[in-house]
Engineer: 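My questions all concern the structure below.
Note that the structure is a prediction, hence the values are computed from the model and not measured. Chain A is the first sequence line, chain B the second, and so forth, proteins listed ahead of strands; every chain is numbered from 1.
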Amino acid sequence: MFRDKGELFKIELVDAISEGQDLKIYNQGEWFDLCRGPHMTSTGGIGKAFKLQKFAGAYWRGDSNNPQLQRIYGTAFATQEELDAYLRQIEEAEKRDHRKLGREMDLFHFQEEAPGSIFWHPKGWTLFQTLINYMRRQQQKAGYMEVNSPDMMEKHFWELSGHWENYGENMFTTTLPDERVFCCKPMNCPGHVQIFKHGLKSYRDLPLKIAEFGKVHRYEPSGSLHGLLRVRHFTQDDAHIFITEDQIMAECLKINDLMLSIYKDFGFEDIFIKLSTRPEKRVGADHLWDKAEKALQDVLNEVTKRSNGRIKTALQPGEGAFYGPKLEYVLKDAIGREWQCGTTQVDFNLAGRLGAFYIDENSDKVTPVMIHRAMFGSLERFTGILIENFAGHFPLWLAPLQVVVATITSEADPYANEVVEAFKAAGLRVEADIRNEKIGYKVREHSLAKVPVILAVGMRDAEARNVSVRRLGSQEQTVMALADTVAAFKKEATPPDLG
RNA sequence: GCCGACUUAGCACAGUGGUAGUGCACCUGAUUUGUAAUCAGGGGGUCGUAGGUUCAAAUCCUACAGUCGGCACCA
């Protein structure tokens with residue numbers, strides 16, 4: 001039947017269904033097709049609340065080696081109201097799009113000559129640095145030592161680590177005038193192993209925690225690039241913890257606690273953890289993978305137990321890194337979208353491959369276990385997630401520009417400058433707007449730029465040493481004494497870990 | 001990388017074969033203003049890049065690049 005119609009893919013499906021198994025065909029008027037079912041008895045059952053959304057190519061059976069078919073996307077709801085709600089949700093996501101907000105708030109831009117790379121503007125870079133400073137404090141407190149390793153190393157180094165074999169296609173390389181081939185680092189781990197290897201290490205040095213805000217380069221497929229969320233050059237809050245085998249549980253739990261407390265500081269409390277196990281393409285013996293997977297499974301069980309079941313988990317077979325299995329931390333944002341950020345990976349392979357060892361109690365050389373972990377993951381991506389989560393309305397401590405002092409008449413300029421200096425002295429990020437414009441115009445402009453605090457000052461305020469406070473998202477105006485305002489905003493702008 | 005669409009001024013967009021436009025932004029002048037757009041004037045584009053068709057190309061064709069939506073990928 002399908003052969004007569006020349007439908008080769010259908011024939012393939014029919015052939016795949018074993019003898020004796022039911023094969024179902026549904027029909028709708030003159031149209032009929034193969035389907036596992038069930039189908040509606042009539043298209044009338046869909047009702048009017050449906051919408052065709054888009055069409056796009058999709059690989060036959062999800063494999064890029066196969067030909068592509070055209071797929072038409074449509075969606076239907078029981079009522080028009082539900083369809084409208086769904087469409088509003090899409091619209092809401094579009095309004096929060098970090099690419100749009102990044103332009104409107106003057107945070108960053110992209111251009112053709114550097115696909116997948118970011119030009120950070122002063123305000124965006126301020127936000128980025130705020131995140132790094134916060135993370136640096138957290139890591140120092142947790143006993144990490146920050147380092148910096150080379151951005152480029154010779155190709156043979158990456159062959160030794162196994163990266164060239166597994167990901168060489170996606171590495172940036174360059175041939176120098178002396179003919180040596182160098183690769184931009186796609187990961188920081190091999191560099192950190194070199195630092196570990198420098199000088200003999202004792203079991204007494206473990207756990208040894210090496211952290212780096214390392215910028216890594218990965219030649220991502222052109223079609224996968226997406227604003228800040230998927231780029232070719234990004235900064236990881238990366239760390240490698242060198243330990244003995246019996247320290248795995250304790251260290252992974254410490255990482256877990258730090259991870260959850262950090263996410264909480266950004267308002268993410270709905271966390272979900274996935275365990276990814278050995279992939280097909282991997283290095284190392286199976287008995288080591290058995291140990292590593294068991295260790296992470298134990299950690300995951302303990303984490304769930306401690307959270308009283310609040311933390312949901314899932315298993316992703318075959319999704320681990322080539323050197324070890326991983327736990328992946330997924331956060332839920334303000335409009336319910338999920339973002340994978342942090343990762344904890346247990347690795348029995350890399351240290352050995354790169355010749356790292358420590359001296360144990362019996363003076364024997366032992367290969368350490370490595371934990372790879374990142375909490376923000378990619379700083380660039382995390383910045384994008386924050387922009388979307390807050391829709392640009394950052395809490396005061398994160399806002400790149402926290403306060404604008406806008407004058408009502410030019411007579412108030414000297415007082416406005418005084419106000420600015422008072423806020424600067426308190427460590428706040430503040431600018432004056434003394435342009436010859438109406439206050440309504442200034443309020444509109446700074447509101448659109450999502451400045452959290454607008455202080456209007458006219459002669460009334462100058463004489464009384466007050467400011468008129470207007471918060472982003474509210475029409476309300478509060479007249480307050482300058483000194484009180486500075487104190488209140490200084491307190492509010494304090495990062496959560498310093499408060 | 002694959003399928004499809006798109007690319008015109010800083011931004012948002014109009015212009016389907018015959019002398020490149022609108023709004024906002026920008027610059028100049030006037031206005032000194034009390035909480036989401038004051039008024040008037042002015043400057044700004046080899047229409048993504050490179051070829052081709054045509055008397056004539058932003059417009060039609062080809063290639064390349066980038067972007068967008070999916071797919072695949074994501075150490």
Side-chain angles (χ1 to χ4, degrees), chain A residues 53-73 90 94 97 99-100 103-104 106 109-116 158 161-171 185-190 216 218-227 229-232 234 236 238 276 279 281-283 319-324 326 328 340 343 345 347 350 372 374 377-378 381 406-413 434-449 454-461 468-479:
Chain A
Q53 297 169 293
K54 54 200 165 204
F55 50 95
Y59 291 106
W60 172 240
R61 302 197 144 173
D63 184 335
S64 63
N65 295 316
N66 289 335
Q68 282 194 323
L69 308 176
Q70 279 303 310
R71 181 184 288 172
I72 300 172
Y73 291 81
I90 291 175
E94 275 170 17
D97 192 315
R99 294 166 297 188
K100 181 166 159 280
R103 192 168 47 240
E104 289 171 4
D106 194 18
H109 84 269
F110 291 91
Q111 64 187 50
E112 263 191 57
E113 292 81 355
W158 300 101
S161 70
H163 288 83
W164 183 260
E165 189 195 335
N166 285 284
Y167 286 96
E169 298 268 291
N170 301 299
M171 285 166 70
K185 65 176 170 189
M187 293 187 78
N188 302 300
C189 23
V216 294
R218 299 178 181 179
Y219 185 75
E220 303 287 7
S222 57
S224 70
L225 302 178
H226 185 93
L229 302 179
R230 188 79 183 272
V231 291
R232 285 178 174 162
F234 60 96
Q236 293 178 314
D238 205 2
S276 295
K281 221 173 149 185
R282 61 177 184 265
V283 297
E319 299 288 315
F322 72 83
Y323 46 74
K326 53 190 186 181
E328 295 173 311
Q340 187 180 309
T343 180
Q345 307 168 356
D347 172 9
L350 218 50
H372 307 235
S378 150
R381 181 176 141 87
T407 48
I408 290 163
T409 91
S410 55
E411 281 177 281
D413 288 359
I434 58 170
R435 290 175 303 169
N436 178 11
E437 293 290 349
K438 289 185 163 178
I439 190 65
Y441 180 86
K442 295 183 184 181
V443 165
R444 174 181 158 80
E445 215 170 66
H446 300 300
S447 298
L448 288 173
I454 299 172
L455 303 180
V457 296
M459 287 319 285
R460 278 203 318 250
D461 309 287
S468 167
V469 182
R470 180 178 167 134
R471 300 298 302 250
L472 182 61
S474 159
Q475 253 91 269
E476 214 178 306
Q477 300 150 42
T478 320
V479 177

Engineer: Grab the two heavy atoms, one from A:Arg435 and one from A:Thr407, that are nearest each other, plus how far apart they are.
Structural biologist: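 Minimum heavy-atom contact is O-OG1, 4.5 Å.
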Engineer: Distance between the P atoms of B:rC24 and B:rU38, in whole angstroms?
Structural biologist: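 So the two P atoms sit 11 Å from each other.
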Engineer: Using both distances under 3.5 Å as the test, list the Watson-Crick or G-U wobble partner of B:rG69, or none.
Structural biologist: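 Per the H-bond distance test, B:rC3.
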Engineer: B:rC71 P sits how many Å from A:Gln68 CD, rounded?
Structural biologist: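 Roughly 11 Å, once rounded to whole Å.
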Engineer: Starting from the 5' end of RNA chain B, give me the residue, A:Tyr73 or A:Asp461, whose nearest nucleotide shows up first.
Structural biologist: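 Mapping each residue to its closest nucleotide by heavy atoms, the 5'-most match is A:Asp461.
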Engineer: Hey, what are the protein-to-nucleotides 72-75 of chain B N/O distances that come in under 3.5 Å?
Structural biologist:
unit_1: B:rA72; atom_1: O2'; unit_2: A:Ser64; atom_2: OG; d: 3.2
unit_1: B:rC73; atom_1: O2; unit_2: A:Arg230; atom_2: NH1; d: 3.4
unit_1: B:rC73; atom_1: O2; unit_2: A:Arg230; atom_2: NH2; d: 2.7
unit_1: B:rC73; atom_1: N3; unit_2: A:Arg230; atom_2: NH1; d: 3.0
unit_1: B:rC74; atom_1: O4'; unit_2: A:Arg230; atom_2: NH2; d: 3.4
unit_1: B:rC74; atom_1: O2; unit_2: A:Arg230; atom_2: NH1; d: 3.2
unit_1: B:rA75; atom_1: OP2; unit_2: A:Lys326; atom_2: NZ; d: 3.4
unit_1: B:rA75; atom_1: O4'; unit_2: A:Tyr167; atom_2: OH; d: 3.3
unit_1: B:rA75; atom_1: O3'; unit_2: A:Tyr323; atom_2: OH; d: 3.3
unit_1: B:rA75; atom_1: O2'; unit_2: A:Tyr323; atom_2: OH; d: 3.2

Engineer: Any strand counts, and the cut-off is 3.5 Å on both contacts for Watson-Crick or G-U wobble. Which nucleotide pairs with B:rA14?
Structural biologist: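 Here B:rA14 is not engaged in any pair, so there is no nucleotide opposite it.
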Engineer: I need the CD-C1' distance between A:Glu437 and B:rA25, as an integer number of Å.
Structural biologist: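 After rounding, the reported distance stands at 12 Å.
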Engineer: If every non-hydrogen atom of A:Ala456 is compared with every non-hydrogen atom of A:Ile408, which pair is closest and at what distance?
Structural biologist: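 Scanning both residues completely, I find the closest heavy atoms to be CB-CD1, 4.2 Å.
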Engineer: Taking 4.0 Å as the cut-off, does a side-chain nitrogen or oxygen of A:Tyr441 come that near to OP1 or OP2 on B:rA25?
Structural biologist: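 Yes, because at least one side-chain N or O of A:Tyr441 sits under 4.0 Å from OP1 or OP2 of B:rA25.
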Engineer: Could I get the full list of side-chain hydrogen bond (donor to acceptor under 3.5 Å, both in side chains) partners for A:Ser468, not counting sequence neighbours?
Structural biologist: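 Once residues adjacent in sequence are excluded, A:Ser468 has no partner under the side-chain hydrogen bond (donor to acceptor under 3.5 Å, both in side chains) criterion.
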Engineer: Work out how far the C1' atom of B:rU54 is from that of B:rG17, and round it to whole angstrom.
Structural biologist: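 Looking at atom C1' only, B:rU54 and B:rG17 are 9 Å apart.
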Engineer: Would you mind classifying the nucleic acid contact of A:His446 as base, sugar-phosphate or nothing, using non-hydrogen atoms under 4.0 angstrom?
Structural biologist: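 Answer is nothing: A:His446 stays at 4.0 Å or more from every strand.
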Engineer: So which one's nearest nucleotide on RNA chain B is more toward 5', A:Ser468 or A:Glu445?
Structural biologist: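 Its nearest nucleotide being more 5', the pick is A:Glu445.
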Engineer: Starting from C1' on B:rA36, measure out to CG on A:Leu472 and report it in whole angstrom.
Structural biologist: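 These atoms are roughly 11 Å apart.
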Engineer: Tell me the interatomic distance from A:Ile408, atom CD1, to B:rG34, atom C1', rounded to whole angstroms.
Structural biologist: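 Atom-to-atom, A:Ile408 to B:rG34, this comes out as 4 Å.
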Engineer: Which atoms of nucleotides 43-50 of chain B (N or O only) lie under 3.5 Å from a protein N or O atom, and what are those distances?
Structural biologist:
none

Engineer: Determine whether a donor-acceptor pair (N or O, by modelled atom type, separation under 3.5 Å) exists between the side chain of A:Arg218 and the backbone of A:Pro186.
Structural biologist: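 Present.
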Engineer: Answer yes or no: is there an ion pair linking A:Glu328 with A:Lys326, defined by an N-O contact shorter than 4.0 Å?
Structural biologist: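 The answer is yes: the pair qualifies as a salt bridge.
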Engineer: Could you tell me whether the phosphate oxygens of B:rA36, OP1 or OP2, come under 4.0 Å of any side-chain nitrogen or oxygen in A:Arg470?
Structural biologist: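 Yes, A:Arg470 has a side-chain N/O under 4.0 Å of OP1/OP2 on B:rA36.
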Engineer: Please measure how far the P atom in B:rC60 lies from the corresponding atom in B:rC71, and state the result in whole Å.
Structural biologist: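 These two P atoms come out 30 Å apart once rounded.
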Engineer: Taking the C1' atom of each, how far is B:rC11 from B:rU49, in whole Å?
Structural biologist: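 These two C1' atoms come out 23 Å apart once rounded.
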Engineer: Using purine N1 to pyrimidine N3 plus N6-O4 or O6-N4 for Watson-Crick, or N1-O2 and O6-N3 for G-U wobble, each under 3.5 Å, what pairs with B:rC64?
Structural biologist: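 Pairing partner: B:rG48.
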Engineer: Suppose we define a pair by two distances each less than 3.5 Å, Watson-Crick or G-U wobble; what does B:rG29 pair with here?
Structural biologist: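 Pairing partner, where one exists within any strand: B:rC39.
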Engineer: If you measure from the C1' atom in B:rC6 to the same atom in B:rA12, how many Å do you get, rounded?
Structural biologist: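 Per the computed distance, 15 Å lies between those C1' atoms.
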Engineer: NA contact type, A:Arg460, heavy-atom cut-off 4.0 Å: base, sugar-phosphate, or nothing?
Structural biologist: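 Answer is base: heavy atoms of A:Arg460 come under 4.0 Å of a base.
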Engineer: Would you say CD of A:Glu104 has more than 12 non-hydrogen atoms from neighbouring residues, nucleotides or ligands within 6.0 angstrom?
Structural biologist: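 Yes, enclosed.
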Engineer: If you measure from the C1' atom in B:rG15 to the same atom in B:rC64, how many Å do you get, rounded?
Structural biologist: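 Nearest-Å result for B:rG15 against B:rC64 at atom C1': 26 Å.
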Engineer: Donor-acceptor pair, A:Arg232 side chain versus A:Tyr219 backbone, under 3.5 Å?
Structural biologist: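 Between the backbone of A:Tyr219 and the side chain of A:Arg232 there is no qualifying donor-acceptor contact (under 3.5 Å).
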Engineer: For the pair A:His163 and A:Tyr323, name the ring-plane relationship: parallel under 30°, tilted 30 to 60°, perpendicular over 60°.
Structural biologist: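 Correct class here is tilted.
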Engineer: For B:rG69, does OP1 or OP2 lie under 4.0 Å from any side-chain N or O of A:Arg99?
Structural biologist: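 For B:rG69, OP1/OP2 do have a side-chain N/O of A:Arg99 under 4.0 Å.
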Engineer: Near A:Gln70 CD, under 6.0 Å, is it more than 12 heavy atoms from other residues, nucleotides or ligands?
Structural biologist: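 Yes, enclosed.
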Engineer: What I want to find out is whether A:Asp97 reaches A:Arg99 closely enough, with some N-O distance under 4.0 Å, to be called a salt bridge.
Structural biologist: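 Answer for the salt bridge query: yes.
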Engineer: With a 3.5 angstrom cut-off on both distances, give the Watson-Crick or G-U wobble partner of B:rA75, or none if there isn't one.
Structural biologist: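 When the pairing criteria are applied, nothing turns out to pair with B:rA75, so the answer is none.
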Engineer: Should the heavy atoms of other residues, nucleotides or ligands under 6.0 Å from CD of A:Gln111 be counted, would the total exceed 12?
Structural biologist: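 For A:Gln111, atom CD is crowded (more than 12 foreign heavy atoms under 6.0 Å).
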Engineer: Roughly how many Å is it from CZ in A:Arg103 to C1' in B:rA25, rounded to a whole number?
Structural biologist: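 After rounding, the gap between these two atoms is 14 Å.
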Engineer: With a 4.0 Å cutoff (strictly under), does any side-chain N or O of A:His226 reach OP1 or OP2 of B:rG69?
Structural biologist: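 The answer is yes; a side-chain N or O of A:His226 sits under 4.0 Å from OP1 or OP2.
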Engineer: Say we look at B:rG69 and B:rU28: how far apart would their C1' atoms be, to the nearest angstrom?
Structural biologist: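 Each nucleotide's C1' atom is 44 Å from the other's.
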Engineer: Is there a Watson-Crick or G-U wobble partner for B:rA56 with both distances under 3.5 Å, and if so, which one is it?
Structural biologist: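 Partner of B:rA56: none found under 3.5 Å.
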Engineer: Considering only atom C1', compute the distance from B:rU53 to B:rG66 and round it to an integer number of Å.
Structural biologist: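 So the two C1' atoms sit 26 Å from each other.
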Engineer: Check the distance between B:rC3's C1' and A:Arg71's CZ and give it to me in whole angstrom.
Structural biologist: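 From A:Arg71 CZ to B:rC3 C1': 11 Å.
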Engineer: Closest to the A:Leu448 side chain: B:rA36, B:rU32, B:rG70?
Structural biologist: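 Minimum distance to the A:Leu448 side chain belongs to B:rA36.
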Engineer: If I take atom NE2 in residue A:His109 and atom P in nucleotide B:rU67, what distance separates them, rounded to the nearest angstrom?
Structural biologist: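 Taking NE2 of A:His109 and P of B:rU67, I get 12 Å after rounding.
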Engineer: Counting heavy atoms not belonging to A:Ile90, are there more than 12 under 6.0 Å from its CD1?
Structural biologist: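 Above 12, so yes.
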Engineer: Where the side chain of A:Thr409 is defined as all heavy atoms beyond and including C-beta, which of B:rU35, B:rG1, B:rU32 is the nearest nucleotide?
Structural biologist: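 In terms of side-chain proximity for A:Thr409, the closest of B:rU35, B:rG1, B:rU32 is B:rU32.
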Engineer: A:Glu104 CD to B:rG10 P: how many Å, rounded?
Structural biologist: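 Taking atom P of B:rG10 as the reference, CD of A:Glu104 is at 18 Å.
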Engineer: Please classify the nucleic acid contact of A:Ile454 as base, sugar-phosphate, or nothing, using heavy-atom distances under 4.0 Å.
Structural biologist: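 No contact at all - A:Ile454 keeps every heavy atom at 4.0 Å or more from the nucleic acid.
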Engineer: Under a 3.5 Å cut-off for both contacts, is B:rA9 paired Watson-Crick or G-U wobble with anything, and if yes, with which nucleotide?
Structural biologist: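 For B:rA9, the partner nucleotide comes out as none, under the 3.5 Å rule.
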